[in-house]
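Counting convention: from 1, in listed order, for ligands and their atoms alike. Position 1 is the first residue of the sequence, and the numbers go up from there.
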Amino acid sequence: MKLEPLKIKAQKEVKSAKNLKELDGLYKKYLGKKSEITQILRSLKDLPEKERKKQGRLANQIKKEIQSVLELQKNKFQVPRPTSPEDEVFGGRASSKFQEKEFDITAPGKKIILGHLHPLTIVRKEIEEIFQNMGFSIVEGPEVETEWYAFDALNIPKDHPARDVWDTLWLKPKAKSQKLLLRPHTSPVQIRYMEKNQPPFRILAPGRVFRHEATDASHEVQFHQVEGLMIGKNVSVANFKAVAKEFFQRFFNKEIKIRTRPGYFPFTEPSFEIDVQCVICNGKGCSTCSQTGWLELWPGGMVHPNVLKAEGLNPKNWQGFAFGMGLDRMAMMKYKINDIRLFYSSDLRFLEQF
Ligand code: FA5
């Protein structure tokens with residue numbers, strides 16, 4: 001029989017089928033192993049190429065159409081469940097085609113793909129653990145700060161040039177007296193902590209910060225810092241350097257070259273910059289380290305007496321150090337990532353490597 005009349009005949013018979021048992025018979029008749037369509041499809045190989053393609057396309061099309069009319073009719077009989085005795089035959093083990101809708105309790109379950117931590121979270125947790133082992137407690141502060149905590153309490157008065165790098169993303173204030181900004185560094189957290197706690201203490205404050213930056217391989221507009229503060233009766237620069245060295249050794253799990261340079265921050269005196277030799281290029285110079293061979297990772301210094309005073313601590317009794325490392329850059333060094341922007345790109349090809 002020609003294909004088109006075959007389809008019309010099949011559709012007519014399927015539509016007038018009275019139950020699933022009849023439908024099962026029609027399935028075998030029109031699409032089963034011995035059906036006309038199956039024979040046509042099998043004999044395609046003997047046809048010349050051009051004819052084969054044409055006939056093949058047509059036969060498959062007709063097959064699909066018969067299948068879909070069968071499926072439609074079957075659905076009519078299947079609502080509502082539970083099944084009739086005829087259904088048993090159609091949907092039971094004897095019937096092969098419509099079984100896929102059955103639930104096989106013995107089939108193995110679908111594997112659930114587990115997510116994993118972001119590389120910056122992994123590194124933050126590692127840093128926290130190292131410092132916790134050195135007696136530091138983890139504390140947090142808000143991402144929206146007031147002018148007082150971000151600047152004034154940190155010995156950065158209005159119009160001081162040191163504000164320029166951090167004087168960036170201001171928000172609409174709730175009250176006239178409170179100027180609010182997205183915090184440009186995590187140093188405000190040490191002020192908030194000193195306000196409420198009495199020394200001696202050792203704290204670590206990880207968090208997100210925001211700046212108005214032109215982005216490049218090592219600069220982002222949002223990034224992460226880890227602020228550290230240790231205050232006691234005799235905490236000195238020697239303690240600061242010892243903590244820094246111990247940290248780098250544990251973090252990189254090997255000897256790492258570091259260098260200490262004089263720096264300037266209004267809230268520390270003296271101030272330092274601790275640089276780490278770029279592990280991407282081993283100090284030769286690359287785009288990550290701006291061709292210098294060094295990455296600025298750990299600024300810090302001895303807490304300025306004015307900051308202690310602002311928090312009601314007598315600088316004659318208490319002293320200590322503070323630092324604010326760039327967490328993203330620590331992660332870049334650890335995993336040899338040459339562009340900070342990858343952390344925020346949501347690119348799974350990158351993220352799935354951790
Ligand atoms: C500060 O933010 C000071 N609050 C640090 C500090 C704390 C000094 C306590 C003294 C005492 P600085 O602006 O240098 O300092 O930023 C700290 C670190 O953040 C830098 O060393 C660098 O590793 C990282 N960082 C700075 N800007 C960016 C940026 N745009 N993208 C990624 N990381 C950055």
- Message: Regarding atom 18 (C) of ligand 1: of the candidates Ala322, Ser187, Pro188, Gly324, which has the closest heavy atom?
- Response: Gly324
- Message: Heavy atom to atom 8 (C) of ligand 1, shortest distance: which of Trp166, Phe321, Phe267, Phe323 holds it?
- Response: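 Residue with the shortest heavy-atom distance to the ligand atom: Phe267.
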- Go through Lys15 and Gln11 one step at a time and tell me if the side chain to side chain donor-acceptor pair (under 3.5 Å) criterion holds. CA-CA 6 Å; Lys15 278 178 191 158; Gln11 284 173 334; 5.3 Å; no
- Item | CD/Glu140: more than 12 non-hydrogen atoms of other groups inside 6.0 Å | no
- Message: Heavy-atom count check: over 12 atoms from other residues, nucleotides or ligands less than 6.0 Å from Lys334 NZ?
- Response: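 Yes, enclosed.
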- Task: Could you tell me whether ligand 1 has any atom less than 4.0 Å away from a heavy atom of Ile340?
- Result: yes
- Heavy atom of Thr268 under 4.0 Å from ligand 1? yes
- Give the C-alpha distance, both sets of side-chain angles, the deciding distance and a yes or no for side chain to side chain donor-acceptor pair (under 3.5 Å) between Glu227 and Ser187. CA-CA 6 Å; Glu227 186 85 4; Ser187 295; 2.8 Å; yes
Among all protein heavy atoms in this structure, tell me which lies nearest to [atom], with the distance rounded to 0.1 Å.
{"atom": "atom 19 (O) of ligand 1", "result": "Gln225 NE2, 3.4 Å"}
{"atom": "atom 34 (C) of ligand 1", "result": "Phe223 CE1, 3.2 Å"}
{"atom": "atom 15 (O) of ligand 1", "result": "Phe265 CE2, 3.5 Å"}
{"atom": "atom 22 (C) of ligand 1", "result": "Arg329 NH1, 3.4 Å"}

Are any of the N/O atoms in [X] less than 3.5 Å from those in ligand 1?
{"X": "Glu220", "result": "yes"}
{"X": "Arg211", "result": "yes"}
{"X": "Glu296", "result": "yes"}

- Item | Criterion side chain to side chain donor-acceptor pair (under 3.5 Å) on Tyr30 and Glu13, from CA distance to verdict | CA-CA 10 Å; Tyr30 286 104; Glu13 284 180 32; 3.1 Å; yes
Contact atoms of ligand 1, heavy-atom distance to [X] under 4.0 Å:
{"X": "Ser218", "value": "31 (N), 32 (C)"}
{"X": "Glu227", "value": "7 (C), 9 (C)"}
{"X": "Glu213", "value": "27 (N), 29 (C), 30 (N)"}

- Item | Residue pair Tyr335 / Gln353, side-chain donor-acceptor N/O under 3.5 Å | no
- Under 6.0 Å between the ring centres of Phe267 and His185?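 Between Phe267 and His185, the centre distance is under 6.0 Å.
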- Query: Any idea how Phe136 and Phe131 line up, ring-wise: parallel (<30°), tilted (30 to 60°), or perpendicular (>60°)?
  - Reply: perpendicular
- Item | Parallel, tilted or perpendicular, as decided by the 30° and 60° cut-offs, for the rings of Trp298 and Phe248 | tilted
- Message: Below 4.0 Å, non-hydrogen atoms only: which portion of Val209 touches ligand 1? Side chain, backbone, both or neither.
- Response: neither
- Geometric cation-pi criterion Arg192 and Tyr149, 6.0 Å radius, 45° cone: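 Here Arg192 passes the 6.0 Å and 45° test against Tyr149.
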